[in-house]
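The structure appears below as C-alpha cells.
Letters A, B, ... are given to chains in the order of the sequence lines, protein chains preceding strands, and every chain is numbered from 1.
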Amino acid sequence: MAKDVLLEDINPQQKEAIIHSKGPLLVLAGAGSGKTRVITRKFAYLVKKKKYRPSSIFTVTFTNKAAGEMKERIRGFIDQDIKQSWVGTFHSQCNKILRKEITALGYKPDFSIYDDSDQCNLIRHILKELKIYEALYKGVASRISILKSSLVSPQEFLSQGDGFSFDEKLGRVYLKYQDELKRCNALDFDDMIMLTVKLFEDHPKIRNKYHELFPYILVDEFQDTNRAQYRLLQLLTSAEKNICAVGDDDQSIYKFRGADVSNILNFEKDFPDAKIIKLEQNYRSTQNILDVSGAVIAKNPKRKSKKLWTEKGCGEKIFYCRTNSEEEEAKYVARSIKDLYLKGNYEYKDFAVLYRINLQARAIEDALRGETIPYHVVSGISFYHRKEIKDIISYMKLIINRDDNVSLRRIINSPSRGIGASTISKIEQEAKKSSQGLFAAAKSMLKANSVAASIKDKLSELVKTIERISATSYKTAADMLKDIVERTGYIDEIEEERLQNILELVSSAENIHVKDFADRVSLLAVNDEPEHKASVSLMTLHSAKGLEFPVVFIIGMEEGILPYFKAIDDVSEMQEERRLFYVGMTRAKDVLCLTGVKRRRLYSKVQEQEPSHFLRDIPKECCHWVEKIQQKQETAQGPIKVPPKKIAPLYIIGSRVKHPSWGVGIVRDCCGEGTDAKITVNFPGIGLKRLAAKFANLEKM
DNA sequence: AAGGTATAACTTTTT
DNA sequence: GTTATACCTT
C-alpha cells in the first residue's frame, strides 16, 4: 500500500477516532463534520490494520439508506466480500438474529412483521373488543410503542398504575395487544428490538455466542437510539467493551418516537473509561451559517457543547424575510429561487424548501408552479403503504404465516367476496372457542358446515387458494406474487393505476426468494423513490436530516409553527423544536434564507402571527433583515435582491495563490469587488488569513 | 354490505 | 378548510 489511503484527507480528530480501536469511544460529530467518513474508514481500518473479519463488526444505522451508503463506501476500501457483513439497521440486524433464535422465546421462526398500519388495525380491533372508544387508537398505539421502546412490560405498567385512571385501560389494551401479537406469531417494530433484548437477557448462552461473533460494535446516529436500542447495545458489548458510538446530541429530533438524548449524555457514565472525541470542523457550510446556527443552538441547556468552524470563509449573510401572507411568502421563495437560478450559479436540484408541517408545502407548490420551477415533494407516503400493495403483501404474509390474523382480516374481503362484519365475527368466536388462528377456524367451520350458505363457496374458495399457494414452492417472490394476483381475483376489479403499482411490485420481486422479499418489504419500506435529478426539494425539517443543499429556505418562522404550538408549554419539547430548527439551518452550504408571515390561515382561522422567538437568538450582524409587511407598490415587486454570489470574482474560490511570505494557499472566500475585495486564503501549516486584495500582493497560479 | 352524510380533528415519522 | 372516520340509510 502506498501512503495510507484510509488516513488521507482526514483531520487530526477524525484520525484519532479512526485509529482508537480498544475500549469504548464516543464521537460527538457536529453537523457536516464528516461522520460517515469516520465510520466507514474506521470499519476499513479495523479490518485492514487490526485484522477483524468484516462480519465481526456489528454496525448499526437507523435507515436503510444510511446502511446502503455505508456498505458502498466500505466496499471502496476493502477487497474482501462484505455481502454478509453485519452492516444494517437496528431492525434488520434484530430480524437476522431473531429468525435464528426466536424459538427460545416461544415464537416460530416464520413470524410476521407488523408495520404501523398493521399495529393500528390490531389495536383498533382490541379497543372494539374491550369496548373502549375506538377513535383513540392512534394515541394508544403511540403510547404502547413508547412503553415498548422503553422496555416497560404490560405487567410492569399495570403494577405501577393506580388502577383507576385511563392508564389502567391502556395497560389492559397493552397486555392484550402483546398477547394477540404472540397468537398471530407476529412482531411489531418495537418487538424486534425488545425481544432481542429479552433474548440476550434471558439466555446468557445465546448472548455469549453473539459476543464471540461481534468483538466490535459501531453505532451511527447514536442520539436517536431509544432505551431498548441502547440496552441492546449494552448487552451486545462484550467484556472488552469495544464499542464506538457516533452521534450529535444537537440533532436529536425524534423524541416523539422514543429516542432518548440522555443515552448520549450518559454514555460516559455507563462506560466510565470511554474516550470522547469531538469533531468540530465542518465541511459543509459557510462560517456565517455556522455562527447563526451555533448561536441558536447554544441556548439549549445540557448539551455537549461544540464550536463548529470551517475553512470555507464567512460567505453571505443569511436572510430573513417577513411577508403579509402565506401566498406572499411562497412567492418570495419562488422568485428568489428563480433569481438565483437565472444568475447561473445554481441548478434547481441545489435548492430545498424546508417546513415544520406538511400543510405548508401547498402554498409553496402553487408558487413554484406559478414560476414554472420544477419541484418534488418528499413525503411520508411510500409505495409500500398503498392499499393495493399492502393487500397483496398481506396475502403473502398470510401464506408464510397462517396465524397472521391481522393480514387475514385485511384480505378476507378484498377483493370483495361478500364476507362482511357478521361473518368475520362468527369466525372470531370460533377461533376463540377452539383457540386457533382465524384461518384455521374458518377452515374448521367450513368442514363442520357451520357457515351461511350464501358465502360458503366464496370463503372455501379463498381457503383453498391460500392453501394451494402455500403448498406450491416458488423459485422467486415474483412468481408467488403473480400467482396471488391471478388466483385471488384481485386483478379483476382494480383501476389501471393500481394495477401498474402491482406490476411494479412484482418486478421488484424478481430474483428474490419469497421469505427474503417478505422481510425486505417489511423492513425496507419507505421513501426509496428514485432521486429527482433536476428539481427543487420540498420536505419537512425532519426529513431533511442527513441531507445538504447549497441553498436552503426555512419557511414559517413563526410562534406556533416553528416552534409548533403543541410544544410551547413543554420545556423539553421546546428544546427539541430548537434542535429541529438547528438541523434545518445546518443543511445549508452557501445560502440560508428564513421566512415568516404576519397573518396566516391555519385550519379555518386567520391568525396574527408573532415572529418565532428563535429569531431573537440570531446575531444581527450575520443577517439581512427584510420586512415586507406594508401594502406599498414595491411590495408587489420581486424579492429583495440576493447579492450575486460571484460576479467575475477576483479570485476563484478553490484556486491556488502565492503569497510573498506565506507561500502557496487555497482561496476559501472572496467578497467585495475591485479594490475593496477581501479574500480569505488557507495557507497549509499557517492557517486561515483574511487579506485585502489590494495590498496582499497575491500571485494567481 | 355498500353508499351516503354528519362530525371531529388537525405535528414531526429512520423501521 | 380539508380529510378521515362514524354512524345511518337503503
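Residues satisfying the ring pair (Phe, Tyr, Trp, His ring centres under 6.0 Å) test with Y107(A), not counting sequence neighbours, are none. Annotation: side-chain hydrogen bond (donor to acceptor under 3.5 Å, both in side chains) contacts of K456(A) (sequence neighbours excluded): N449(A). Under the rule for a ring pair (Phe, Tyr, Trp, His ring centres under 6.0 Å), F43(A) has no partner lying at least two apart in sequence or in another chain. Every residue meeting the side-chain hydrogen bond (donor to acceptor under 3.5 Å, both in side chains) condition with R99(A), not counting sequence neighbours, appears here in chain and number order: N95(A), D519(A).
Of the candidate nucleotides dT2(C), dT15(B), dT13(B), dT2(C) has the atom lying nearest to any side-chain atom of R362(A). Considering only side-chain atoms of K566(A), the nucleotide from dT12(B), dT14(B), dC10(B) that sits closest is dC10(B). Candidate nucleotides dT12(B), dT13(B), dA2(B) were compared by shortest atom distance to the side chain of N413(A), and dA2(B) ranks first. Comparing dC10(B), dT12(B), dT15(B) by their nearest atom to the side chain of R356(A) picks out dT12(B).
Syn is the glycosidic conformation of dT11(B), whose angle stays within 90° of 0.
Look at the P atom in both dT5(C) and dT12(B): the space between them is 15 Å, to the nearest Å.
Across all strands shown, Y254(A) has heavy atoms under 4.0 Å from base atoms, whether or not it also approaches the sugar-phosphate. At the heavy-atom level, I419(A) lies under 4.0 Å from the strands shown only through sugar-phosphate atoms. As judged by a 4.0 angstrom heavy-atom cut-off over every strand, D115(A) is placed among residues making no nucleic acid contact.
Remark: the backbone N or O of K426(A) is not paired with any side-chain donor or acceptor of Q429(A) at under 3.5 angstrom.
If you take CD of E573(A) and P of dT11(B), they are 14 Å apart, rounded to a whole angstrom. Here the C1' atom of nucleotide dT12(B) and the CD1 atom of I554(A) are 15 Å apart, to the nearest Å. The distance from atom CD of Q251(A) to atom P of dT14(B) is 16 Å, rounded to the nearest whole Å. dT12(B) atom P lies 16 Å from atom CD1 of I146(A), rounded to whole Å. Summarising the geometry, the separation between CG on L547(A) and C1' on dT14(B) is reported as 12 Å, rounded to the nearest angstrom.
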Per-nucleotide protein contact string for nucleotides 4-10 of chain C (B base, S sugar-phosphate only, - none; heavy atom under 4.0 Å): -SS----
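Ring-to-base geometry does not place Y603(A) in a stacked arrangement with dT2(C) (centre distance under 5.5 Å, plane angle under 30° required). Both geometric conditions, a ring-centre gap below 5.5 Å and a plane tilt below 30°, are not fulfilled together for F90(A) over the base of dT15(B).
Pairs passing the salt bridge (charged side-chain N to carboxylate O under 4.0 Å, His left out) check and including a residue from residues 107-122 of chain A, sequence neighbours excluded, read K108(A)-D403(A), D110(A)-K515(A), D115(A)-K390(A), D118(A)-K390(A), D118(A)-K397(A).
Using the six-membered ring where Trp is involved, F222(A) and F267(A) have ring planes that are perpendicular, over 60° apart on the 30 and 60° scheme.
With hydrogens and angles ignored, a donor-acceptor pair under 3.5 angstrom links the side chain of R257(A) to the base of dT15(B).
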